[in-house]
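From a predicted model like this one, the values you see are computed outputs, not experimental measurements. This chain uses plain numbering: 1 for the first residue, then up along the sequence.
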Amino acid sequence: MSKSKYNKRLKERIKKEKDEMGKRLRAKRICMWLVLVFEAFLIIVSLVDVAKAQKSECTGKAYALVTDKEVVTGGNHYIKTLLTIEVEKGSDFGLDVIKSRGSDFDKGDRILIHYDPYDHDNYYLDGDLEYFTAARIVLIVLSVVMGIVCICVIRSVHNEKKKQEQWRNEHNGSYYTS
């Protein structure tokens, strides 16, 4: 085989390798940007204040007197506090037993209940909003996982760039070596 044919084939092979490396890098960059956009979306969604939504729905107010308190535990873990209440006259709040996130209330305390007039099961006590609902916890966990994936993709893009630089240095910018 003549030297010119050999050089031509070598140039074609090297050009093909460069094109493949460029395509891999482009694909990784696209993946990186998609992961970053999705990560930003998850963070924004997880920061939406669930408490504000609950506050906007719970427009009714009722004062009640705590008549009994029961702290429910599961083994060694605190689960919830059940308060038996007596609602003051003039209120249409219809529950006799309510859940409290904290155990700050004692028997005989007067409490303020904010509730949804159309759904009495949707309520919160003054200073007792649910900030960490199950949906918010899932979004936070997804954000952390996507952050880890994002870091892995960025490292992959960085490593691909290093490989391309190393390849260019080995070939000294020329298509063939003599």
Apply the test side chain to side chain contact (heavy atoms under 4.5 Å, CB included) to residues Leu95 and Asp121: give CA-CA distance (whole Å), side-chain angles for both, the deciding distance (0.1 Å), then the verdict. CA-CA 8 Å; Leu95 299 177; Asp121 289 330; 3.9 Å; yes

Nearest heavy-atom approach of Tyr63 to Arg110 is CG-NH2, 3.4 Å

Using modelled atom types and a 3.5 Å cut-off, is there a donor and acceptor pairing between side-chain atoms of Thr84 and backbone atoms of Thr67? no

Spatial distance of atom NZ (Lys107) from atom CG (Leu83) [nearest 0.5 Å]: 12.5 Å

As an exercise, state the distance from CD1 of Ile111 to CD1 of Ile85, rounded to the nearest 0.5 Å. 5.5 Å

Is there side-chain contact between Phe93 and Ile98, with at least one heavy-atom pair below 4.5 Å? yes

Determine, stepwise, if the pair Asp106 / Lys69 fulfils side chain to side chain contact (heavy atoms under 4.5 Å, CB included). CA-CA 7 Å; Asp106 290 320; Lys69 173 182 176 180; 3.5 Å; yes

Could you tell me whether Glu12 atom CD has more than 12 heavy atoms of other residues or ligands within 6.0 Å of it? yes

Just verifying a value: how many Å separate Lys61 NZ and Leu112 CG, rounded to the nearest 0.5 Å? 6.0 Å

Report whether Trp33 and Val149 are members of the same hydrophobic cluster (ILVMFWY, side-chain heavy atoms less than 4.5 Å apart, transitive linking). yes

